[in-house]
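Note that ligands are numbered from 1 as they come in the structure, with each ligand's atoms numbered from 1 the same way. If you read the sequence from its start, that first residue is 1, and numbering goes on from there. The structure presented is a predicted model; accordingly, all values stated were derived computationally and were not measured.
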Amino acid sequence: MACPPVAVAMLVAGNWKMNGTRVSVDALTSALAARAHACEVLVIPPAVFVPQVSAALSGSTVALGSQTVSEFESGAYTGEVSCTMALEFGCRYALVGHSERRALFAESDAQVAAKFAACKATGLVPVLCVGETLEERESGETEAVVFRQVQAVLDACGVGAFADAVLAYEPVWAIGTGKTASPDQAHIMHAALRERLAESNAEIAGGLRILYGGSVNAGNASDLFAERDIDGALLGGAALDAEAFEAICAAADAEMAR
Ligand code: 13P
């Protein structure tokens, strides 16, 4: 049975990945902070820029997030940032399980689930990223892969942990390739993910924001946002360009006004 999403504010999140300088980050942040949107806007800078961005965003409605967090509270974990640290410096959200963390830094489903749990325990809003590789899609494993990634979190944290969390479907083959999933391809997966969660709790599934990520740009955002189960976007490249980021936020505003 189809599980209809309830109306929630769309979320447009910009993951800056490992890009930017003090100067470019200042310019981008002040351009974004100066505009008002109906959709929720979130920027996710490299950790070292978090205090700078937090200060520049003060008084604006743009939210701040961390690109990753440690599953541990504190201690001898060189290079890591805890959830409490991210919160203390103004982050409200944290990405967990981005495909680059999974593929390049060997984060397992279990570790991603532990990071999700750490976010929930401290009050950070986790943005759980899931998605299949091209090889997995071509061998017909798309659903199995993303369901496995979500199930790991369900098993560790329970469906209740998805209340106020965010899910992001980012097919790996669409990230940074300019090859976006078609609105239809994206919608099929968003609806499947929502239904899967609805099997555990329909109310939480209905209220869950599911973002699409992977080569979203100012030209394709409106078509993606028009799909019923797409509640926003997780941007990479487009989030580094203030004009493109703004245009995508405007597309989300327009969708919310429809
Ligand atoms: P691109 O928009 O550059 O494809 O990156 C998407 C992404 O990985 C966002 O987290």
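Closest heavy-atom contact between Arg22 and Gln52: O-NE2, 2.9 Å.
Note on Val69: it clusters hydrophobically with Val53, by side-chain heavy-atom contacts below 4.5 Å among ILVMFWY residues. Hydrophobic clustering of Ile, Leu, Val, Met, Phe, Trp and Tyr side chains at less than 4.5 Å, counting indirect connections, keeps Ile248 apart from Leu95.
Given atom 2 (O) of ligand 1, the protein heavy atom at minimum distance is Gly236 N, 3.0 Å. Of the protein's non-hydrogen atoms, Glu170 OE2, 3.1 Å is the one closest to atom 7 (C) of ligand 1. Counting only heavy atoms of the protein, atom 10 (O) of ligand 1 lies nearest to His98 NE2, 2.8 Å. When hydrogens are left out, the protein atom nearest atom 3 (O) of ligand 1 is Gly237 N, 2.8 Å; that is the closest non-hydrogen contact.
To the nearest 0.5 Å, atom CZ of residue Arg209 and atom CZ of residue Arg194 are 11.0 Å apart. Rounding to the nearest 0.5 angstrom, the gap separating the CG atom in Leu42 from the CZ atom in Arg92 is 9.0 Å. From Asn19, atom CG reaches atom CG of Leu240 across 5.0 Å, with rounding to the nearest 0.5 Å.
Within the structure, ligand 1 has Gly176 among the residues with a heavy atom less than 4.0 angstrom away. For Gly213, the closest heavy-atom approach to ligand 1 does not fall below 4.0 Å. Heavy atoms of Ala13 come nearer than 4.0 angstrom to ligand 1 in no pair at all.
For a threshold of 3.5 Å applied to N or O pairs, the pair formed by Ser215 and ligand 1 contains at least one separation below that value. No N or O atom of Glu100 sits closer than 3.5 Å to an N or O atom of ligand 1.
Residues Thr68 and Lys115 form a side-chain contact, since some pair of their non-hydrogen atoms from C-beta on lies under 4.5 Å apart.
Looking at Ile175 against ligand 1, both its backbone and its side chain come within 4.0 Å, counting heavy atoms. Residue contacts with ligand 1, taken as heavy atom pairs separated by less than 4.0 Å, involve Leu235 solely via the backbone atoms N, CA, C and O.
Listed by number with element, the atoms of ligand 1 under 4.0 Å from a non-hydrogen atom of Ala174 are 4 (O). If you number the atoms of ligand 1 from 1 as listed, the ones under 4.0 Å from a heavy atom of Leu234 come out as 9 (C), 10 (O).
Of the candidates Glu195, His190, Met189, His190 is the only one forming a side chain to side chain contact (heavy atoms under 4.5 Å, CB included) with Asp229.
Note: Phe116 and Phe162 meet the aromatic proximity criterion, with ring centroids under 6.0 Å apart.
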